[in-house]
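Heads up: the structure comes next, in structure tokens.
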Amino acid sequence: MELEMASMAAAIGVSIPVLRFLLCFVATIPASFFWRLVPGTLAKHLYAGLSGAALSYLSFGLSSNLHFLIPMAVGYASMLLCRRYCGTLTFFAGFGYLIGCHVYYMSGHAWKEGGIDATGALMVLTLKVISCTINYSDGLLREEGLREAQTKNRLLHCPSIIEYFGYCLCCGSHFAGPVYEMKDYLDWTEKKGIWARSKDRPSPSPYLATLRALIQAAICMAIYLYFVPQYPLSRFNEPIYYEWGFWKRLHYQYMSGFTARWKYYFIWSISEASIIISGLGFSGWSDSSPPKPQWERAKNVDILGVELATSAVQLPLVWNIQVSTWLRYYVYERLIQKGKKPGFLQLLATQTVSAIWHGLYPGYIIFFVQSALMIAGSRVIYRWQQAVSPNNAIFRKMLTFINFAYTLLVLNYSCIGFQVLSMKETLASYQSVYFVGTIVPVVLIILGYIIKPARSVRPKAQKSQ
């Protein structure tokens, strides 16, 4: 068996642990399909949790489930013993334990060198546990004054230990996400809400959407395997890179970031297929005639939305979508004081939490600080664009193109830090293009304070949106 695994791993150019993970990860699709055949609510919860634990064991070993058990136990104990503060306690305890695992396993270096460990799955699980406890704590609050997401996701009653177990490890969905809410998991399992069956509301078929996600995954992997030998990360440490001119180095940074993204597109396409075929990814029916099932709950990335983004502000809405939604609900919005508008500090705090979640590597932290600068600079261009009269269509389109080019430049410049991780390599790659991706956003932010365009007049109906 080991010889077969070794030969298969060598054939596709990965290590045996990575191959084992990929096989278990793909196995989440049939595991999710068989969930549909399990009779009874209790049995479904047990199957969801046990199948997830089994896949974790086969992929990472027994230690993975022991690691998962700690934040799960802390979260559930806090809900039982200290409901009012269970969300806050679990947030800091969960992130503290995750950081400890990142440091102990040095997971960033392992991933960079083609290895794998359970910390990636622990990252997803930590977010799920935290959101569950926060929503249970929100159940004590009066509905008046709550944000829409709080009202929708809050839990009035503590989930049972079996429900909690099934939610946390559901069919291996903790491997790569997407992150989803306990309320949605319970409604899906119990066939309530949008999952309720009736003559007027038949159960949506997931098979065509699953096939589309699998085809997308195959295309993404093919593109990644085609480009990755041409744009290796090691080139940033080779003398030949520094012998190139400015434009060629900038182009290589773009292609390096472009290539790396297809690996994530592949992973998220597989996880999307898994969540869709289970039925949990269903998000409602379209308004078209006839209505078509929508699967937005399973979607973690909009590939064209990322590659053709006309503003950096759009990126959190199209990249790692469910984690971005989690950060908005449980960090960004909760830092906004009532009656005040969010500012750069809320954005920076949210990006900092995202950086810590990924791991305490300088490259991650630099990337997410860069992201905050990138979004703030893009907002300045957008404000200038909105101030231009609609009659001046050419100038508005010019500003739209400038924002697109700016986003393309700064995103691919910034993401080098996310890939190389170390402070030395990150700063060396930035310096090789004269810190252009840092200077441009800072200049735009400063200009935004100097050049303040008059607010465009919008109709009342538009203002209320």
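Residue numbers count from 1 along this sequence.
- In the model, Tyr231 has no side-chain atom that pairs as donor or acceptor with a side-chain atom of Gln253 under 3.5 Å.
- Using cut-offs of 30° and 60° for the angle between ring planes, the Tyr264 and Trp268 rings count as tilted.
- Relative to the ring axis of Tyr136, Arg83 places its NZ or CZ within 45° and under 6.0 Å from the centre.
- Between Phe25 and Phe21, the two ring planes are parallel [angle under 30°; tilted spans 30° to 60°].
- Closest heavy-atom contact between Arg249 and Tyr242: NH1-O, 3.6 Å.
- Side-chain atoms of Thr407 never come within 3.5 Å of backbone atoms of Ala309 as a donor-acceptor pair (strictly under, hydrogens ignored).
- There is a side-chain donor-acceptor pair under 3.5 Å between Tyr413 and Thr438.
- Below 30°, between 30° and 60°, or above 60°: for Phe435 and Tyr430 the angle between ring planes is above 60°, a perpendicular geometry.
- Relative ring orientation between Phe68 and His174 is described as perpendicular, the plane-to-plane angle rising above 60° on a 0-90° scale split at 30° and 60°.
- The residues Lys152 and Glu181 are annotated as not salt-bridged, no charged nitrogen and carboxylate oxygen being separated by less than 4.0 angstrom.
- Ring orientation note: the planes of Tyr164 and Tyr76 are tilted relative to one another, at an angle of 30° to 60°.
- The aromatic rings of Phe368 and Phe418 sit perpendicular, their planes meeting at an angle over 60°, well past the 30° parallel limit.
- Asp138 has a carboxylate O that lies under 4.0 Å from a charged side-chain N of Arg334, or vice versa, which qualifies the two as a salt bridge.
- A salt bridge between Glu272 and Arg212 is present, with a side-chain N of the basic residue lying under 4.0 Å from a carboxylate O of the acidic one.
- Between the side chains of Tyr241 and Ser432, at least one donor N or O sits under 3.5 Å from an acceptor N or O.
- Taking the six-membered ring where tryptophan is involved, the planes of Tyr361 and Tyr364 are perpendicular, since the angle between them exceeds 60° and thus also 30°.
- Defined by atom type and a distance below 3.5 Å, a donor-acceptor pair is missing between the side-chain atoms of Tyr167 and Asp184.
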